[in-house]
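Remarks on the structure that follows.
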Amino acid sequence: MKYVFDLERSGRGLRLNRFLHGLTDSSQRELFKQEPEKAMQDLTGQEKDMVRRMDWKALQDYGASFFCLEKLARTNGVSNPQMVAAFRGETLEQFLKTRRVPGAR
């Protein structure tokens, strides 16, 4: 699949990206941590499901911006390498072995 962030993907992901970007606000982060369903009330069922599962690949395919996905990752204590490994269908350990990380090989 190509990951071109075109007009169609941008439009489809707009609501989701607005929600994700909202996690930059500390009150929104706390609401999401304490009452996720309330925080996600404006999302569609499909969007809520992807967020609940933290299905990074599905979120990206749907139209979530990587930069907005980082907000969700940070809120849930997920690192960029963990998220990228999931995009690639790998474990963190498998992904790190492809990087120049001391001790990872």
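When reading the values below, keep in mind they use all heavy atoms of this one structure, side chains included, and skip hydrogens, waters and symmetry mates.
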Applying side-chain contact (heavy atoms from CB on, under 4.5 Å) to Leu59 and Leu72, what does each step give before you reach the verdict? CA-CA 11 Å; Leu59 287 160; Leu72 178 62; 4.1 Å; yes
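- Relative ring orientation between Phe87 and Phe66 is described as tilted, the plane-to-plane angle lying within the 30° to 60° band.
- Closest heavy-atom contact between Leu69 and Trp56: O-CZ3, 3.7 Å.
- The side-chain heavy atoms of Arg88 and Thr98, taken from C-beta on, include a pair separated by under 4.5 Å.
- Side chains of Asn80 and Arg74: a donor on one and an acceptor on the other come within 3.5 Å.
- Taking a cutoff of 4.0 Å between a charged side-chain nitrogen and a carboxylate oxygen, Arg12 and Glu47 do not qualify as a salt bridge.
- To the nearest 0.5 Å, the span separating CE on Met40 from CG on Leu20 amounts to 10.5 Å.
- Between the side chain of Lys71 and the backbone N or O of Phe67 there is at least one donor-acceptor pair closer than 3.5 Å.
- Under a 3.5 Å cut-off, the side chain of Asp55 and the backbone N or O of Met50 do not form any donor-acceptor pair.
- Using a cutoff of 4.0 Å between basic side-chain nitrogens and carboxylate oxygens, Arg29 and Asp25 are not scored as salt-bridged.
- With respect to Gln82, the side chain to side chain contact (heavy atoms under 4.5 Å, CB included) criterion is satisfied by exactly one of Leu92, Asn76, Thr91: Leu92.
- Shortest non-hydrogen contact noted between Phe95 and Ala85 is CB-CB, 3.6 Å.
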